Amino acid sequence: MARPRVLSGIQPTADSFHLGNYLGAVRQWVTMQETHDAFYCVVDLHAITVPTEPDALRRRSRVAAAQLFAAGLDPERSTVFVQSHVREHTELAWVLICLTGMGEAGRMTQFKDKSAKFGESAASVGLFTYPILQAADILLYQANLVPVGADQKQHLELTRDLGQRFNHRFGDTFTLPDPYILKEVEKITDLQDPTAKMSKSSSSPAGILDVLEQPGPLRKKVMRAVTDTGSEVLFDEAGKPGISNLLRIQSALTGTPIPELVARYEGQGYGTFKKDVAEAVEQTFAPIRERTEKLLADEKELDRMLAIGAERASAVAKETMAQVRDRVGFLPKL
Ligand code: TRP
């Protein structure tokens, strides 16, 4: 039997992925390429739903792609591509937009959160239709599984609803995907505010560990991470959110279960523990940073790798879209 297909996407909205992106998404994508027919997409069309400077978008799209390859996505096994290279995403999105109710789209909580930042009437219509474009990304490839964080559950439900609606109205066309909610290591929190998620949009620079950051600043940030009163390294989410976050990070990076770490640092205080966390972060990020720099130094080669991905993605997208056009009733173009 063919391998189940996965599809996921990541926005090119930063100059580096951070530890939360890496543990919560990228690292698990790399694992999934072993067992799945994997499609991973740098979603630049989604990035422009909020005001974006063209040079920054170009740079960040390449940086995102380079980091995906550097983190271990193998272009032989995974189809890594840029969303805007495959025109069918926008084409299918339009068809799905026409199947979506205003009320249905208006219930999306991520839109409500994001638009609140701009003031609801200043938010773009693109931001409003963001989840429908995401549905198109997924349905276009007939994906079985979509690895995402828990915050994307609602978008996955919309995707299934729209796929089902299309199938019902126009005949069976789309595979209905299941969400694959990524493991709770995604609960990496802000180093300076350990009760809030580590997030590009809300954390201060001192609270974020960037994959492409130099070892010096990385170490400093870990050493300066907010810790809790007391001096014992214990896992206690409510009473010691800072130390608990560092324990989660250390455990995720070294594969050592948290209880084992707690036992190891008994009687040693925070300093030794933090030094080891910093070490684990550096050791994980250094090779990724070096490979990313190498890939970015040869833009032509990177663009060529992405062209190969786009070609493979296009082959699938074209096939789905041909069916969609026919079923909707668009005339064939002779
Ligand atoms: N909305 C997703 C996020 O913010 C990114 C995304 C866009 C995506 N298209 C997708 C994820 C398709 C999975 C599948 O994380």
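Everything quoted here is computed from the prediction, not taken from an experiment. All ligand and atom numbering here is 1-based and tracks the order in the structure.
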List, pair by pair, the atoms of ligand 1 and of the protein that are both N or O and lie under 3.5 Å apart, giving the separation rounded to 0.1 Å.
| unit_1 | atom_1 | unit_2 | atom_2 | d |
| --- | --- | --- | --- | --- |
| ligand 1 | 1 (N) | Tyr130 | OH | 2.7 |
| ligand 1 | 1 (N) | Gln134 | OE1 | 3.0 |
| ligand 1 | 1 (N) | Gln152 | OE1 | 2.9 |
| ligand 1 | 4 (O) | Tyr130 | OH | 3.3 |
| ligand 1 | 9 (N) | Asp137 | OD2 | 2.7 |

Taking only residues two or more places apart in sequence or in another chain, which ones pass side chain to side chain donor-acceptor pair (under 3.5 Å) with Ser61?
none
Whether the Asp228 and Tyr270 side chains hold a donor-acceptor pair (N or O, under 3.5 Å, no angle test) is what I'd like checked.
no
Backbone N/O of Ser201 and side chain of Ser199: donor-acceptor pair under 3.5 Å
yes
Presence of salt bridge, Glu213 and Arg289, under 4.0 angstrom
no
List, by chain and then residue number, the residues other than Val43 in its hydrophobic cluster (Ile/Leu/Val/Met/Phe/Trp/Tyr, side-chain heavy atoms under 4.5 Å); write none if there are no others.
none
Please enumerate all residues that pass side chain to side chain contact (heavy atoms under 4.5 Å, CB included) together with Thr256, with sequence neighbours excluded.
Thr254, Glu260, Leu261, Arg264
